[in-house]
There are 2 protein chains.
Amino acid sequence: MLKISEIAKKTGLSTHTLRFYEKQGLINASQRSEAGYRLYGEADVRKAEFIRTARNIGFSLDDIAVLLSIRLDKASHTCQEVTDIARGKLDEVYEKITELTAMKATLEILLASCCGGPEDATHCSIMEALDASEAKQQSSSGNTATNEV
Amino acid sequence: MLKISEIAKKTGLSTHTLRFYEKQGLINASQRSEAGYRLYGEADVRKAEFIRTARNIGFSLDDIAVLLSIRLDKASHTCQEVTDIARGKLDEVYEKITELTAMKATLEILLASCCGGPEDATHCSIMEALDASEAKQQSSSGNTATNEV
DNA sequence: TAAAACATTAGAGTTGAGTCTAAGGTCAAG
DNA sequence: CTTGACCTTAGACTCAACTCTAATGTTTTA
Ligand SMILES: [Zn+2]
Ligand SMILES: [Zn+2]
Ligand SMILES: [Zn+2]
Ligand SMILES: [Zn+2]
């Protein structure tokens with residue numbers, strides 16, 4: 001049986017994180033020593049690794065809790081339940097990428113329009129664009145054709 | 001002069017948010033009524049719109065504070081200061097997109113490998129992949145050589 | 001045997017950008 | 001004159017996933 005710092009080293013989760021995950025109901029040490037120390041077995045290690053893998057992919061702790069309950073009794077859960085979680089996450093990811101791509105486009109346009117030099121900013125087209133009050137939201141293509149200098 | 005709910009409606013920022021921004025040092029009402037009510041003028045409206053525009057693009061409140069200080073005295077600031085902020089933000093955005101793209105790829109592969117049907121999950125390749133303990137991280141390149149149903 | 005290293009717990013703090021509450025003051029209308 | 005809509009403040013709460021602290025107990029090692 002491993003003490004908490006040993007399973008921590010083995011799994012790459014910190015002792016703090018392991019105790020936090022326990023509080024969240026994700027993982028428990030299967031035994032305690034006389035003194036109350038957490039003691040982890042092989043199955044605990046595999047479970048911790050499952051959690052870390054899922055976390056690294058990007059699943060929330062809530063998602064992971066559900067995945068763990070499926071893992072506990074695969075026979076009474078379906079592939080659909082599993083894909084529902086993955087698809088939900090993927091939809092979130094798509095949405096965030098869309099938002100970020102819009103931000104990227106706007107920032108690139110702004111940067112392309114500004115000389116970026118050591119001259120004073122009285123003529124700066126980025127400042128002008130921000131002052132333009134044209135609420136440029138996330139989707140759709142923007143113009144911002146103010147050429148500077 | 002506009003009361004706070006009036007400028008709120010005009011700018012699309014809530015009264016709570018306006019007061020919060022004031023606490024953060026971004027914007028002040030240029031006057032107060034006898035009773036202590038905030039009173040905003042035209043310049044305040046333009047400033048609030050500047051803030052909203054910058055926020056919608058994705059700048060942090062800290063970035064916006066700097067942009068506002070530049071805006072206050074453009075002559076003693078340079079285009080470079082402005083582009084530094086925009087480029088910093090753009091770098092952040094690139095990084096997040098990279099992370100999310102990795103997550104997207106992983107999730108798509110997982111989803112492609114799973115039948116997603118009403119059958120029980122004892123054979124589920126997503127569950128298998130999560131149990132595989134192959135630590136698939138977000139930064140750096142991933143392999144994602146998954147086994148199939 | 002004593003110091004170092006590790007363990008326990010409850011609980012507070014972090015980050016960012018708000019959101020909301022309580023307890024009260026002010027103002028226009030009926 | 002009272003109702004309701006508005007305004008004020010300080011401060012607490014929200015979300016997510018940790019991260020850290022304090023105070024104390026245990027185990028290992030020199
Ligand atoms: Zn310039
Ligand atoms: Zn410029
Ligand atoms: Zn299946
Ligand atoms: Zn499956």
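Convention: sequence-line order gives letters A, B, ...; per-chain numbering from 1. Everything numeric in this text was worked out from a predicted model, so none of it was measured.
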Side chain of L61(B) - closest among dC7(D), dG18(C), dT26(D): dG18(C)
Assess the side chains of T122(B) and D120(B): does a donor N or O sit below 3.5 Å from an acceptor N or O? yes
Derivation of the salt bridge (charged side-chain N to carboxylate O under 4.0 Å, His left out) call for R46(A) and D131(B): CA-CA 7 Å; R46(A) 271 179 272 113; D131(B) 252 319; over 6 Å; no
Tell me, what's DNA chain C's dot-bracket, Watson-Crick or G-U with both distances under 3.5 Å, | for other-strand, [ ] crossing? ||||||||||||||||||||||||||||||
Considering only heavy atoms and no angle criterion, is a donor-acceptor pair shorter than 3.5 Å present between the side chain of Y21(B) and the base of dG18(C)? no
Would you say S5(A) places a side-chain N or O within less than 4.0 Å of OP1 or OP2 belonging to dA7(C)? yes
On DNA chain D, more 5' by nearest nucleotide between S33(A) and R38(B) is R38(B)
Does any part of the side chain of H77(B), heavy atoms only, come nearer than 4.5 Å to the side chain of V82(B), both counted from C-beta? no
Return the value, rounded to whole Å, for the distance between atom CE of M1(A) and atom C1' of dC6(C). 18 Å
Would you kindly give the NZ-to-C1' distance between K23(B) and dT19(C), to the nearest whole Å? 10 Å
How far apart are the C-alpha atoms of E49(B) and K10(B), what are their side-chain angles, what is the distance that settles it, and do they pass the salt bridge (charged side-chain N to carboxylate O under 4.0 Å, His left out) test? CA-CA 9 Å; E49(B) 278 165 349; K10(B) 230 178 147 94; over 6 Å; no
What does S60(A) touch in the nucleic acid at a heavy-atom separation under 4.0 angstrom: a base, only the sugar-phosphate, or nothing? sugar-phosphate
Return the minimal non-hydrogen interatomic distance between S125(B) and S113(B), and the atom names on each side. OG-O, 2.6 Å
Value for NZ (K96(B)) from NZ (K104(A)), rounded to nearest 0.5 Å, stands at 15.0 Å
To the nearest Å, how far apart are L18(A) CG and dC18(D) P? 11 Å
Could you please name the option among dT19(C), dT26(C), dA7(C) that lies closest to any side-chain atom of I4(A)? dA7(C)
Length of the CZ-C1' vector between F20(A) and dA12(C), whole Å: 14 Å
Between N56(A) and T53(A), do the side chains contain an N or O donor and an N or O acceptor separated by less than 3.5 Å? no
What's the OH-P distance between Y40(A) and dC6(C), to the nearest Å? 16 Å
Rounded interatomic separation in angstrom, taking CD1 from I7(B) and P from dC7(D): 12 Å
Ignoring the backbone of R32(B), work out which of dT19(C), dC18(D), dT8(D) is nearest its side chain. dT8(D)
Distance, rounded to the nearest Å, where I57(A) contributes CD1 and dA17(D) contributes P: 15 Å
If the cut-off is 4.0 Å, is T17(B) near the phosphate of dT19(C), judged by side-chain N/O to OP1 or OP2? yes
Using whole Å, report how far NZ of K3(A) lies from P of dG25(D). 18 Å
Base, sugar-phosphate, or nothing for R55(B), non-hydrogen atoms under 4.0 angstrom? sugar-phosphate
For T15(B), which contact category applies under a 4.0 Å heavy-atom criterion: base, sugar-phosphate, or nothing? nothing
Checking dG11(C), dT21(D), dT27(D) against the side chain of H16(A) (C-beta onward), the nearest is dT21(D)
Does a side-chain N-to-carboxylate-O contact under 4.0 Å join K89(A) and E92(A)? yes
